Amino acid sequence: QVTLVESGGGLVQAGDSLRLSCAASGRTFSASGMGWFRQAPGKEREFVAAISWSGLSIVYADSVKDRFTISRDNAKNTVYLQMNSLKPEESAAYYCAATRVLYTNVPRTAASDYLYWGQGTQVTVSS
C-alpha cells in the first residue's frame, strides 16, 4: 500500500517555473516506479514523466522534454517534478502515481501500469 500526496501547484505566468512534490507513505515506495500525469478539464489524463524505482531510468513526454525534470529521493519518500518554461496549455491537475509492479527498470508511460494515485495538485499558467 502506498499513499501519495502532491503539493507545489499554483498560479504562475507563462515562462515561469514550479516544482511539484509527491510525498509517499508505505513500505513499497522505494521499490515502485513513479510517474507524473496531468489532466485538464474535458481532456484525457496525459502522461508527463516517469522514473524507475532506482532512479536510473527516466522517460518524458515529447511535449515536456528539455523543460521538465523528474527526480526522486528514496530516503525522503518523495518524487519531484521540476517544471520550467511553463505554457498556458499546460494548465491542469497534476497527479503522481506509483506502479503496480515493483522493481521495474523500465519507466511506465501508461496510466494502467499505475496502481496508486495522489489526489492531484492544480497548476494554472496564465498567458
Side-chain angles (χ1 to χ4, degrees):
Q1 181 81 23
V2 177
T3 302
L4 305 171
V5 179
E6 302 96 335
S7 62
L11 173 63
V12 296
Q13 293 187 333
D16 285 350
S17 298
L18 275 177
R19 188 175 84 152
L20 306 183
S21 298
C22 174
S25 61
R27 296 181 299 167
T28 59
F29 169 79
S30 61
S32 302
M34 299 296 296
W36 284 97
F37 291 76
R38 63 190 179 191
Q39 187 169 20
K43 295 188 176 181
E44 293 187 355
R45 190 163 295 191
E46 174 188 24
F47 168 74
V48 176
I51 187 168
S52 63
W53 71 276
S54 63
L56 296 179
S57 297
I58 290 173
V59 172
Y60 296 101
D62 288 343
S63 60
V64 307
K65 277 181 182 177
D66 300 324
R67 296 187 299 117
F68 289 16
T69 302
I70 188 173
S71 61
R72 67 187 298 162
D73 185 338
N74 285 348
K76 295 182 178 180
N77 276 15
T78 303
V79 63
Y80 305 96
L81 184 68
Q82 176 67 43
M83 305 186 295
N84 299 329
S85 301
L86 282 162
K87 304 175 182 179
E89 57 265 35
E90 295 179 313
S91 297
Y94 282 70
Y95 300 89
C96 69
T99 56
R100 63 179 70 245
V101 177
L102 303 180
Y103 297 110
T104 54
N105 289 317
V106 177
R108 304 297 183 178
T109 62
S112 58
D113 286 327
Y114 292 83
L115 180 60
Y116 302 104
W117 294 82
Q119 84 289 348
T121 186
Q122 181 66 37
V123 172
T124 303
V125 186
S126 64
S127 57

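For reference, positions follow the sequence shown, starting with 1. These numbers come from a predicted model, not from an experiment.
Residue Gly120 comes nearest to Glu6 through the heavy atom pair N-OE1, 2.8 Å, listed as atom of the first residue, atom of the second, then distance. The two residues Ser91 and Pro88 make their nearest non-hydrogen contact at OG-O, 2.9 Å. Summarising the geometry of Thr99 relative to Val101, their closest heavy-atom pair is OG1-O, 2.8 Å, with the distance given to 0.1 Å. Here the closest non-hydrogen pair linking Glu46 and Ser63 is OE2-OG, 4.2 Å. Listed here is the closest heavy atom pair of Gly26 and Asn77: O-ND2, 4.2 Å. Heavy-atom minimum distance, Val79 versus Ser71: CG2-O, 3.0 Å.
Between atom CZ of residue Arg72 and atom CD1 of residue Ile58 there is a gap of 10.0 Å, rounded to the nearest 0.5 Å. Here CZ of Arg19 is found 9.0 Å from OG of Ser7. Values are rounded to the nearest 0.5 Å. Here CG of Leu115 is found 8.0 Å from CD of Gln1. Values are rounded to the nearest 0.5 Å. Distance check: Ser127 OG to Lys87 NZ gives 14.0 Å after rounding to the nearest 0.5 Å.
Using a 4.5 Å cut-off on side-chain heavy atoms (C-beta onward), Thr104 and Asp113 make no contact. With a 4.5 Å cut-off on side-chain heavy atoms, Ile51 and Pro107 do not count as touching. In this structure, the side chains of Leu81 and Arg38 stay at 4.5 Å or more apart for every pair of heavy atoms. Contact check for Met34 versus Leu4: side-chain heavy atoms found under the 4.5 Å cut-off. Inter-residue side-chain proximity for Cys22 and Thr78 is flagged as unmet; no heavy-atom pair is nearer than 4.5 Å. Put simply, the side chain of Glu90 reaches to within 4.5 Å of the side chain of Val64, judged on heavy atoms.
Asn84 meets the side chain to side chain donor-acceptor pair (under 3.5 Å) test with Ser17, Gln82; sequence neighbours excluded. Listed by chain and residue number, nothing satisfies the side chain to side chain donor-acceptor pair (under 3.5 Å) test with Glu89 (two or more places apart in sequence, or in another chain). Looking at residues two or more places apart in sequence or on another chain, you find a side chain to side chain donor-acceptor pair (under 3.5 Å) between Ser52 and Ser54. The side-chain contact (heavy atoms from CB on, under 4.5 Å) search around Ser85 returns Arg67, not counting sequence neighbours.
Judged by distance alone, with hydrogens and angles left aside, the side-chain atoms of Ser57 form a donor-acceptor pair with the main-chain N or O of Asn105 at under 3.5 Å.
Residue pairs meeting the ring-ring contact (aromatic ring centres under 6.0 Å, His included) criterion with at least one member in residues 61-103, sequence neighbours excluded: Trp53-Tyr103. Note on residues 13-45: pairs passing ring-ring contact (aromatic ring centres under 6.0 Å, His included), not counting sequence neighbours, are Phe37-Phe47, Phe37-Tyr114, Phe37-Trp117.
Exactly one of Asp66, Thr109, Ile70 qualifies for a side chain to side chain contact (heavy atoms under 4.5 Å, CB included) with Tyr60. That residue is Ile70. Checking each of Thr121, Leu86, Leu11, Val125 against Leu18 for a side chain to side chain contact (heavy atoms under 4.5 Å, CB included) leaves exactly one that passes, namely Leu86.
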Self-check item: Stepwise side chain to side chain contact (heavy atoms under 4.5 Å, CB included) check, Val123 with Met83
Solution: CA-CA 10 Å; Val123 172; Met83 305 186 295; 3.9 Å; yes

